[in-house]
Number of protein chains: 2
Amino acid sequence: MNAKTAAPLTIGKVARLAEVGIETIRFYEREGLIPDPPRSESGYRHYGEDSVARIRFIKKAKALGFSLAEIGELLSLRAKPSGSCANVQAKAHEKIAEIDQKIEALQSMRTSLQGLVVECRGTGPRSECPILNTLDAKETSCT
Amino acid sequence: MNAKTAAPLTIGKVARLAEVGIETIRFYEREGLIPDPPRSESGYRHYGEDSVARIRFIKKAKALGFSLAEIGELLSLRAKPSGSCANVQAKAHEKIAEIDQKIEALQSMRTSLQGLVVECRGTGPRSECPILNTLDAKETSCT
DNA sequence: CTTGACTCTGTAGTATGGTACAGGGTGTAG
DNA sequence: CTACACCCTGTACCATACTACAGAGTCAAG
């Protein structure tokens, strides 16, 4: 009926697919970022495809300045099997706001760098490049 | 002529203005992220206004997932007093590409969360929310 | 039925980015 | 001239996020 039992997704395979170390996966499990997977009789972890996606998500979110604790919050938004919907919505809106702030900050940085490139190309010496100036504008309270 | 000598910007004032700890400033100095400031006769550090901007920039870039080493590279783009313009341009383009990747990843995350919110509001149970799916699409190789 | 690649648990070590003293000098207000 | 807030150097410690063993069991191929 199904050909799934043929190749169980062991920790090593997941690690290769998600491009992280095996130890990292076990670490995320200990930290509660990924659920304890079912085990074979001999104690081997067996994962589903979704685990790879989840680990890749963690990796990506980390590169965007989210801490593992924050990533845990992000993941918990979907982990709940319905219920407490209003709470989830509030959290989601919070996270969206955080993301918007990050995007704005990055766009501001991008504009500065682009300006630097243009200035550099055109005139020769750029004593007062705008890279810092643009970003000086009042804290955006990104934790 | 000038009223600047009245209130020299000491490390404590810079820390308050940039909203970081005093120790953090000295740490950044040791790491070469901010230049060694001139000293008073008694050895007190005296900063210019630009130092505050620089520290705030570091803080912001850190929240966006850049390491101190990467921030150093970003800052070095403007630190150079002209010369090696082509090199600076190449680096700047590199950094712009990195920033674009981060922005895209964040926008993808934002879309997923927004989708979650909408789904949550409309129908009741969202067993297969798209938060992970959207982000699963092939690595963007953000280090 | 052995060999080699894989897995397990548990503990210890590392890199990054700070943070917190200790022990001492500075500076100015009362 | 002393009190108190501030600064100095140096070292030690901390949290986060891994990373690397050690010592032992598992499993598929030859």
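Residue numbering restarts at 1 for every chain, and letters A, B, ... go by the order of the sequence lines. Predicted model, so just to flag it, every value in this text is computed and none were measured.
- Salt bridge status for Glu94(B) with Lys91(B): absent, with no side-chain N to carboxylate O gap under 4.0 Å.
- Between Glu41(A) and Lys13(B), the residue anchored nearer the 5' end of DNA chain D, judged by the nucleotide with its closest heavy atom, is Lys13(B).
- In this structure, Glu23(B) pairs ionically with Arg26(B), as a charged nitrogen and a carboxylate oxygen lie closer than 4.0 Å.
- The only option from Ser51(A), Ser40(A), Pro37(A) that meets the side-chain contact (heavy atoms from CB on, under 4.5 Å) definition with His46(A) turns out to be Ser40(A).
- Side-chain atoms of Ser108(A) do not come within 3.5 Å of backbone N or O of Glu104(A) as any donor-acceptor pair.
- With the nearest nucleotide of DNA chain C identified for both Ile11(A) and Ala69(B), Ile11(A) has the one nearer the 5' end.
- With Lys60(A) contributing its side chain and Ala105(B) its backbone, the two residues share no donor-acceptor pair below 3.5 Å.
- Stems are defined here as 3 or more consecutive Watson-Crick or G-U wobble pairs with pairing distances under 3.5 Å; those involving DNA chain D are C:1-30 with D:1-30.
- In this structure, Tyr44(A) places its OH atom 11 Å from P of dC6(C), rounding to the nearest Å.
- Rounded to whole Å, atom C1' of dC6(C) lies 12 Å from atom NE2 of His46(A).
- Distances shown here put a side-chain N or O of Ser42(B) below 4.0 Å from the OP1 or OP2 atom of dG27(C).
- Judged by distance alone, the side chain of Lys59(A) and the main-chain N or O of Glu19(A) form a donor-acceptor pair under 3.5 Å.
- Formation of a donor-acceptor pair under 3.5 Å by the Gln101(B) side chain with backbone atoms of Glu98(B) is not found in this model.
- No chain of hydrophobic side-chain contacts below 4.5 Å, direct or via other Ile, Leu, Val, Met, Phe, Trp or Tyr residues, connects Tyr44(B) to Ile55(B).
- Remark: Lys95(B) is not positioned above the aromatic ring of Phe66(B), lacking an NZ or CZ atom under 6.0 angstrom from the ring centre and at most 45 degrees off the axis.
- Inter-residue side-chain proximity for Leu77(B) and Glu73(B) is flagged as unmet; no heavy-atom pair is nearer than 4.5 Å.
- Heavy-atom contacts of chain A under 4.0 Å fall on DNA chain D between two terminal nucleotides, which in 5' to 3' order are dA17(D) to dC27(D).
- Counted within 6.0 Å of CD on Glu49(B), heavy atoms from surrounding residues, nucleotides or ligands total 12 or fewer; the atom is thus considered open.
- Residues from residues 21-34 of chain B lying near DNA chain D, meaning a heavy-atom separation below 4.0 Å, are Ile22(B), Arg26(B) in numerical order.
- Whole-Å rounding puts the Tyr47(A) OH to dC6(C) P distance at 16 Å.
- Here the C1' atom of nucleotide dT16(C) and the CD atom of Glu70(B) are 12 Å apart, to the nearest Å.
- Between the CZ atom of Arg39(B) and the P atom of dG25(C) there is a distance of 17 Å, rounded to whole Å.
- As judged by a 4.0 angstrom heavy-atom cut-off over every strand, Ser67(B) is placed among residues touching the sugar-phosphate backbone only.
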